[in-house]
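What follows is a set of notes on a single structure, which appears directly below.
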Number of protein chains: 2
Amino acid sequence: MKVTFKGDYALKAVLDLALHYNKELVTGHDLAQRIDAPIKFLEQVLLDLKKGGFVESRRGNIGGYLLSKAPVQITVGEIIRFIEGPTEPISCVRESYSNCTDIHRCVFKKIWQRVSQATSDIIDNVTFEDLVSQVNAGRQVLAYSI
Amino acid sequence: MKVTFKGDYALKAVLDLALHYNKELVTGHDLAQRIDAPIKFLEQVLLDLKKGGFVESRRGNIGGYLLSKAPVQITVGEIIRFIEGPTEPISCVRESYSNCTDIHRCVFKKIWQRVSQATSDIIDNVTFEDLVSQVNAGRQVLAYSI
DNA sequence: GTATACTCTACTTTGTCAATAGGAATTATA
DNA sequence: TATAATTCCTATTGACAAAGTAGAGTATAC
Ligand code: FES
Ligand code: FES
């Protein structure tokens with residue numbers, strides 16, 4: 001699995017929206033500043049996240065974005081897969097891998113499947129609620145240490 | 001981790017050489033045919049594998065390639081990392097990840113580290129001897145079923 | 001000396017990533 | 001209603017890597 005800037009922005013955006021869940025709308029402008037992303041690029045990412053059903057929006061003055069589900073119902077894996085595609089290191093759609101009569105070539109597939117499964121076991125079991133908790137815990141530590 | 005054609009070819013090439021280890025040299029031509037790779041592209045990959053110390057070669061008539069170590073001493077992880085680079089889904093060299101004072105941004109790093117570790121646990125524990133065994137086992141099954 | 005093979009470097013093509021640009025549509029509110 | 005703020009949509013660009021192509025150069029067995 002490879003994670004591009006787009007995927008990185010998407011994850012950070014969803015986390016930021018999760019931190020504001022059930023509170024206020026978040027404008028693209030504020031979001032872009034906090035996660036340090038170019039606003040016009042982020043807008044496209046947010047549009048994608050809308051199409052994916054993760055995010056809703058309100059237009060016009062005092063508009064903004066919000067999560068369409070509770071953070072506990074969104075996993076990191078869902079976002080990553082939606083933005084980046086399958087987690088497999090290499091796809092078997094390729095010709096060299098598609099004729100599986102030749103065992104000589106297919107020993108590697110099992111490895112990629114194991115890697116893919118191990119990756120999924122991690123990213124599908126982290127919800128944005130978990131991440132919100134981590135951030136809040138970090139903030140408390142900071143508050144105490146001041 | 002993403003695996004490109006180059007990495008795919010490299011793995012298949014090393015496996016083929018492992019299947020001929022301590023037997024005969026393998027020419028680039030034969031290798032390219034068996035693993036279905038463009039010969040001129042494969043030659044570059046083999047040169048890289050030479051520089052990495054995985055492969056040796058003999059020039060001239062009746063030349064060819066051979067493994068420089070026993071298959072049991074080469075892991076899939078070594079080859080992949082040498083050809084493709086680090087296994088992390090996303091690198092922390094990026095600016096947005098480099099100022100780790102902001103915890104809000106760093107919650108994802110732990111996830112990528114876990115994915116990276118899980119990947120390593122798999123690919124670093126498969127040697128080409130293991131793969132040779134698998135291929136031979138597959139061949140036996142085929143032989144019996146005929 | 002010649003056929004066969006590896007070596008080295010440069011080039012091309014293609015596609016993706018990341019960002020940029022500019023406007024169109026929508027909405028609260030003064 | 002005018003206006004400012006905001007999201008929505010599409011097109012374009014620049015940089016870079018992936019994948020393959022090309023051809024001349026070097027070594028070696030026979
Ligand atoms: S190749 Fe995809 S598996 Fe045999
Ligand atoms: S960002 Fe690389 S870690 Fe905090």
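Below, chains carry the letters A, B, ... as their sequence lines are ordered, and counting in each starts from 1.
Regarding contacts with the backbone of C:dT7, a side-chain N or O of B:Ser57 is found under 4.0 angstrom from either OP1 or OP2.
Nucleotide D:dT7 holds its C1' atom 14 Å from the CG atom of A:Leu17, rounded to whole Å. Atom CD1 in A:Ile83 sits about 16 Å away from atom P in C:dT16, given to the nearest Å. Taking atom CG of A:Leu25 as the reference point, atom C1' of C:dT26 lies 14 Å away to the nearest angstrom. Taking atom CG of residue A:Asp8 and atom P of nucleotide C:dC17, one finds them 14 Å apart after rounding to whole Å. Going from atom NZ of A:Lys50 over to atom C1' of C:dT26 covers 11 Å, rounded to whole Å. Atom CG of B:Asp48 is separated from atom C1' of C:dT7 by 12 Å (rounded to the nearest Å). As rounded to whole Å, 10 Å separates atom P of C:dC6 from atom CG of B:Leu42. C:dA5 atom P lies 16 Å from atom CG of B:Leu66, rounded to whole Å.
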For B:Asp121 and B:Gln117: C-alpha separation, side-chain torsions, deciding distance, then whether side-chain hydrogen bond (donor to acceptor under 3.5 Å, both in side chains) applies. CA-CA 6 Å; B:Asp121 287 345; B:Gln117 186 59 54; 3.0 Å; yes
For side chain to side chain contact (heavy atoms under 4.5 Å, CB included), just list the numbers for B:Thr119 and A:Met1, CA-CA rounded to whole Å, side-chain angles, deciding distance to a tenth of an Å, and then say yes or no. CA-CA 10 Å; B:Thr119 301; A:Met1 182 185 55; over 6 Å; no
Filtered N/O pairs between nucleotides 25-28 of chain D and protein, under 3.5 Å:
from	atom 1	to	atom 2	distance (Å)
D:dT26	O3'	B:Arg59	NH2	3.2
D:dA27	O4'	B:Arg59	NE	3.3
D:dA27	O4'	B:Arg59	NH2	3.2
D:dT28	O2	B:Asn61	N	3.1

Listing time: all N or O pairs from protein to nucleotides 19-23 of chain D that are below 3.5 Å?
from	atom 1	to	atom 2	distance (Å)
D:dA19	OP1	B:Phe5	N	3.3
D:dA19	OP2	B:Thr4	OG1	3.3
D:dA19	OP2	B:Phe5	N	3.1
D:dG20	OP2	B:Tyr9	OH	3.2
D:dT21	O4	B:Gln44	NE2	2.5
D:dG23	O6	B:Lys40	NZ	2.5

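Atoms CG and CG, on A:Leu67 and A:Asn22 in that order, are 9.5 Å from each other to the nearest 0.5 Å.
Of the charged side-chain nitrogens involved, none lies within less than 4.0 Å of a carboxylate oxygen, so that A:Asp36 and A:Lys12 do not count as a salt-bridged pair. With salt bridges taken as basic N to acidic carboxylate O contacts below 4.0 Å, one links B:Lys69 and B:Glu78.
A:Val126 places none of its side-chain heavy atoms less than 4.5 Å from the side chain of B:Lys110. Between A:Ile62 and A:Leu25 the shortest side-chain heavy-atom distance does not fall below 4.5 Å.
With sequence neighbours excluded, no residue forms a ring pair (Phe, Tyr, Trp, His ring centres under 6.0 Å) with A:Phe128.
B:Tyr9 and B:Phe5 have perpendicular rings, their planes meeting at more than 60° on a 0 to 90° scale where under 30° would count as parallel.
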